[in-house]
Amino acid sequence: MSDTQLLICGKNFKQEERDRLSAAFPAAFVDGPADIAALDAGLRASLRAVAFKGHTAFGAETMDLLPQLGLIANYGVGYDAIDVTAASARGVKVTNTPDVLSDDVADLAVALLIAQARTMIRGHAHAASGRWATEGEIPLNRKVSGSTVGIVGLGRIGREIADRLAAFKMDIHYTSRSEKETPGWTYHADVVSLAKAVDFLVIALVGGPETKGHVSRAAIEALGPRGVVVNISRGSTIDEGALLDALEAGTIAGAGLDVFENEPNLDPRFLKLDNVVLQPHQGSGTVETRTAMAVLQLDNVAAFLEGRDLLTPVN
Ligand code: NAP
């Protein structure tokens, strides 16, 4: 049997993140969960913790390849790739990296909303191409400040988005599983009612099977022709086919999206639209925040391997 207790699992780990983890604990490395079966059986038998980064499924069969597994430390707040029910059933703890990324994701949500409403992609192309001098101004766009926004999921990130948009003098509406202590903001029990009431619908839900298609075709229709969808949560939380239908038909005004159902392979229908602002799932992608996430992940691994309380457990 090997002495290595930590497995670093994910091809998207930066070299410095891998170095930091392996400097703390001797570690093996694989590109993703699918590569664990090919590891030497002696090594698999010694592994107690996995530092995981990625969106490919980490399920029960993978966990069963690691008989001593006690921790899956996820890099990211959203742990929908990990089967937490299967982990709990096996006594495996799961941790994530909440809070440290909320500011960045909320900043990007606001940026997407403004970029879509103010046609900033078109404006950039117009200025950068020289057409401004020859063709004159771009068409007028629409005012953001003072409009009405609906937040789907007033959790940590949803709350940060709402706080920012309140500073834009926007009327804040939201839906969550229960009403929050938010004087002056309007609670809706369901997404269709929320969508009917607002100009901008910002999705900040957790991903996973329970929220799949939560923003339904009916909710998208309820948003109406001036409605804009912003999604920084997961592609799965909205009915993506219905969203594409609405964007193509112009039954909503547009969308600002950081996440997609089949990312990084976007549905090609997105690429033909001129009423969207698309980002490559970079909500938490600043140097500062990714460093904080990596440190929190390592702190959870260290706490587990050294027998201390986990910092941010999810089960
Ligand atoms: P959070 O604090 O746990 O908030 C999650 C929200 O989802 C809450 O409002 C919660 O409702 C709602 N929710 C949870 N389960 C639900 C269910 N079964 N049905 C309906 N609503 C449900 O999480 P967070 O820290 O704000 O993060 C939210 C998500 O953002 C993450 O899970 C991740 O997928 C995504 N994210 C994306 C990026 C990016 O780069 N774009 C970066 C970080 C995170 P209640 O208010 O009723 O509890």
Side-chain angles (χ1 to χ4, degrees), residues 12 52-57 74-82 84-85 94-113 115 149-164 172-182 185-195 201-216 219 229-239 255-261 263-264 266 277-294 296-297 311-315:
N12 292 331
F52 180 57
K53 182 177 190 178
H55 299 287
T56 47
N74 189 52
Y75 181 112
V77 67
Y79 48 85
D80 42 308
I82 302 168
V84 178
T85 308
V94 177
T95 58
N96 65 344
T97 61
D99 297 314
V100 294
L101 43 63
S102 299
D103 280 337
D104 273 355
V105 183
D107 289 353
L108 195 81
V110 174
L112 282 167
L113 191 155
V149 66
I151 312 288
V152 186
L154 203 69
R156 287 172 292 244
I157 293 172
R159 184 68 193 240
E160 289 293 339
I161 296 167
D163 285 344
R164 280 159 176 71
I172 310 291
H173 294 234
Y174 71 96
T175 183
S176 261
R177 287 168 299 179
S178 58
E179 192 167 355
K180 317 274 181 196
E181 250 330 285
T182 51
W185 296 0
T186 307
Y187 174 71
H188 295 255
D190 67 90
V191 188
V192 175
S193 153
L194 179 73
L201 191 73
V202 183
I203 312 170
L205 288 172
V206 300
E210 285 186 11
T211 56
K212 187 160 174 50
H214 193 81
V215 179
S216 59
V229 170
V230 172
N231 191 6
I232 50 73
S233 65
R234 287 288 184 263
S236 59
T237 58
I238 188 165
D239 180 336
L257 306 169
D258 187 43
V259 288
F260 304 86
E261 188 83 76
E263 61 184 55
L266 271 60
V277 179
L278 309 177
Q279 293 294 303
H281 198 154
Q282 63 126 332
S284 65
T286 65
V287 172
E288 295 84 349
T289 290
R290 290 286 168 87
T291 303
M293 290 163 67
L296 181 51
Q297 180 185 45
L311 282 85
T312 48
V314 301
N315 64 345

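First listed ligand is number 1; within each ligand, the first listed atom is number 1.
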query: Less than 4.5 Å apart, any side-chain heavy atom of H281 and any of F260?
result: no
message: Taking 4.0 angstrom as the limit and counting only heavy atoms of S284, give me the atoms of ligand 1 inside it, by number and element.
response: 40 (O)
message: If you define the side chain from C-beta out and look only at heavy atoms, does anything of S233 sit under 4.5 Å from V105?
response: no
task: Specify the closest pair of heavy atoms between G76 and N74, including all atoms of both residues, with the distance to one decimal.
output: O-ND2, 3.1 Å
message: So V229 and I203, do their side chains get closer than 4.5 Å, heavy atoms only?
response: yes
message: According to side chain to side chain donor-acceptor pair (under 3.5 Å), does anything in residues 149-161 pair up with another residue at least two apart or in another chain? List the pairs.
response: E160-R164
- prompt: Looking only at heavy atoms of K180, does any of them come nearer than 4.0 Å to an atom of ligand 1?
  reply: yes
- request: Please name all residues satisfying salt bridge (Lys or Arg N to Asp or Glu O under 4.0 Å) with D104, sequence neighbours left out, ordered by chain then number.
  value: none
- prompt: Taking non-hydrogen atoms only, is L154 closer than 4.0 angstrom to ligand 1 via side chain, backbone, both or neither?
  reply: backbone
- request: Side-chain contact test, heavy atoms from C-beta onward, threshold under 4.5 Å: evaluate it for I161 versus L113 and give yes or no.
  value: no
message: Please tell me whether Y187 and Y174 form a close aromatic pair, meaning their ring centres lie under 6.0 Å apart.
response: yes
- request: Do me a favour and list the nearest non-hydrogen protein atom to atom 44 (C) of ligand 1 with residue, atom name and distance?
  value: V77 CG1, 3.2 Å
- request: Check V191, V215, V259, V152 against I238 for a side chain to side chain contact (heavy atoms under 4.5 Å, CB included) and give me the one that passes.
  value: V215
- request: Report yes or no: does a heavy atom of P98 sit under 4.0 Å from some atom of ligand 1?
  value: no
statement: If we number the atoms of ligand 1 from 1 as shown, the ones under 4.0 Å from a heavy atom of D258 are 39 (C), 40 (O), 41 (N)
task: Considering only non-hydrogen protein atoms, determine which one is nearest to atom 33 (C) of ligand 1 and report residue, atom name and distance to 0.1 Å.
output: R234 NH1, 3.7 Å
query: Is the closest basic N to carboxylate O distance between E263 and R234 below 4.0 Å?
result: no
field: CG on L108 to CG on L101, rounded to 0.5 Å
entry: 12.0 Å
field: Protein heavy-atom partner closest to atom 42 (C) of ligand 1 - residue, atom, separation in Å
entry: V105 CG2, 3.4 Å
- request: Please confirm whether D80 comes within less than 3.5 Å of ligand 1 when only nitrogen or oxygen atoms on both sides are compared.
  value: no
task: Could you tell me whether the side chain of V149 reaches within less than 4.5 Å of the side chain of I172, counting heavy atoms only?
output: yes
- prompt: Considering only protein heavy atoms, which is closest to atom 6 (C) of ligand 1, and at what distance to one decimal place?
  reply: A204 O, 3.8 Å
field: Options H214, R177, M293, K212, ranked by nearest heavy atom to atom 13 (N) of ligand 1, top entry
entry: R177
- prompt: In terms of residue, atom name and distance, what is the protein heavy atom nearest to atom 26 (O) of ligand 1?
  reply: I157 N, 2.8 Å
query: Could an N or O of ligand 1 be found under 3.5 Å from any N or O of G283, whether backbone or side chain?
result: yes
task: Compute the shortest N/O to N/O distance between E210 and ligand 1 and return yes if it is under 3.5 Å, no if not.
output: yes
statement: The protein heavy atom nearest to atom 12 (C) of ligand 1 is L205 CD2, 3.8 Å
N/O separation below 3.5 Å, G155 to ligand 1: yes
field: Atoms in ligand 1 flagged as close to G153, the criterion being non-hydrogen separation under 4.0 Å
entry: 9 (O)
- request: Please confirm whether Q282 comes within less than 3.5 Å of ligand 1 when only nitrogen or oxygen atoms on both sides are compared.
  value: no
- request: Would you mind finding which of I232, T289, N96, L257 brings a heavy atom closest to atom 38 (C) of ligand 1?
  value: I232
Atom of G283, atom of D258 and distance for their closest heavy-atom approach: N-OD2, 2.9 Å
- line: of all protein heavy atoms, closest to atom 1 (P) of ligand 1 is R156 NH2, 3.7 Å
- request: Between T211 and ligand 1, find which residue part has any heavy-atom pair under 4.0 Å and reply side chain, backbone, both or neither.
  value: side chain
task: Could you check atom 35 (C) of ligand 1 against the protein and tell me its nearest heavy-atom contact, residue, atom and distance included?
output: S233 O, 3.6 Å
